[in-house]
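Worksheet for the structure shown next.
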Amino acid sequence: MAQLTTSENHSANALLQSDRPAFMTVYLAYAEDERRQHYLSLQIQHGATLYEALAQSGWLSKFTELAEWCEGVADIVAPTAKRWHVGIYAQKQPLSYRLQPFDRIEVYRSLSADPMSQRKSKSRSPDAK
């Protein structure tokens, strides 16, 4: 079996990397409320971060509350459960997360009430059947 020299090995790695497209597709989803939902397919460079995708999509300009939230958490590397508003496939991720091809970026809205409490109060109401 032939072994590659160091320079041949570097050349082989460079060829593998040059075969990879410069851009990849990611998807964005945001439900402002039950009536206003936003979906977007976006071409971004390989190695882009979650924050860079949000900025490139134009959502930081369109949704000022999202932009303000991003500014406040930009340096956090470990998402906190109740304060976190973005993730990939329902897994909360920091804004510095490096995206993979076909990742689904999800923007979560703050809940006005705990879903469990809402279900309990609905079941207790006299109109519930």
Side-chain angles (χ1 to χ4, degrees):
M1 193 159 118
Q3 289 187 338
L4 294 175
T5 65
T6 304
S7 64
E8 290 171 329
N9 195 17
H10 286 300
S11 296
N13 285 339
L15 279 175
L16 287 174
Q17 289 176 358
S18 68
D19 288 344
R20 186 173 73 178
F23 291 91
M24 64 182 176
T25 301
V26 295
Y27 303 98
L28 292 90
Y30 178 32
E32 279 187 90
D33 56 37
E34 55 278 345
R35 293 184 184 192
R36 292 181 294 180
Q37 299 177 7
H38 309 275
Y39 299 96
L40 182 65
S41 175
L42 183 66
Q43 292 288 309
I44 59 171
Q45 286 197 306
H46 274 276
T49 64
L50 199 158
Y51 179 80
E52 291 167 340
L54 289 171
Q56 186 178 329
S57 71
W59 283 13
L60 296 181
S61 301
K62 185 175 184 176
F63 307 112
T64 54
E65 68 282 353
L66 177 61
E68 290 168 3
W69 176 82
C70 285
E71 287 177 23
V73 300
D75 297 330
I76 296 175
V77 292
T80 55
K82 295 192 180 206
R83 286 192 62 215
W84 217 251
H85 294 273
V86 295
I88 307 296
Y89 294 114
Q91 298 293 314
K92 295 177 181 181
Q93 298 292 346
L95 293 175
S96 60
Y97 173 83
R98 296 271 173 207
L99 295 167
Q100 303 299 314
F102 306 109
D103 272 349
R104 177 184 162 101
I105 300 167
E106 299 167 340
V107 178
Y108 313 118
R109 66 177 183 260
S110 297
L111 298 176
S112 57
D114 176 43
M116 181 81 76
S117 300
Q118 286 181 326
R119 283 192 295 276
K120 284 181 183 178
S121 63
K122 278 184 181 180
S123 68
R124 291 182 194 143
S125 73
D127 295 337
K129 294 182 183 187

*Can you name the nearest heavy-atom pair linking Ser96 to Thr49, along with the distance?*
O-CG2, 3.7 Å
_Working note: Phe63 + Leu54, criterion side chain to side chain contact (heavy atoms under 4.5 Å, CB included); need CA distance, chi angles, decisive distance, verdict._
CA-CA 10 Å; Phe63 307 112; Leu54 289 171; over 6 Å; no
*Looking at CD of Gln100 and NE2 of His46, how far apart are the two atoms once the value is rounded to the nearest 0.5 Å?*
9.0 Å
_If you compare all heavy atoms of Tyr89 against all heavy atoms of Glu106, which two are closest, and at what distance to 0.1 Å?_
C-OE1, 3.6 Å
*Residues clustering with Tyr39 (ILVMFWY side chains joined when closer than 4.5 Å, directly or via others)*: none
*To the nearest 0.5 angstrom, please state how far the CG atom of Leu42 sits from the CD atom of Gln56.*
4.5 Å
_Smallest separation among heavy atoms of Met24 and Leu99, with atom names_ = CE-O, 3.2 Å
*Would you name the heavy atoms of Arg104 and Ala29 that are closest together and state the gap between them?*
NH2-CB, 3.3 Å
*Which heavy atom of Tyr108 sits nearest a heavy atom of Val86, and at what distance?*
CE1-C, 3.5 Å
*Measure the CG-CD distance between Leu60 and Glu68 for me, rounded to the nearest 0.5 Å.*
11.0 Å
*Quick one: pull up CG in Asp103 and CG in Leu28 and give me the separation to the nearest 0.5 Å.*
10.0 Å
*Can you measure from CG (Leu40) to NZ (Lys62) and round to the nearest 0.5 angstrom?*
8.5 Å
*Is there a donor-acceptor contact under 3.5 Å linking the side chains of Tyr30 and Glu32?*
no
_Under the rule for ring-ring contact (aromatic ring centres under 6.0 Å, His included), what residues qualify as partners of Tyr97, not counting sequence neighbours?_
none
*Minimum heavy-atom distance Cys70-Tyr51, with the two atoms named*: CB-CE1, 3.9 Å
_Distance in Å, Arg98 CZ paired with Leu50 CG, rounded so as to fall on 0.5 Å steps_ = 11.0 Å
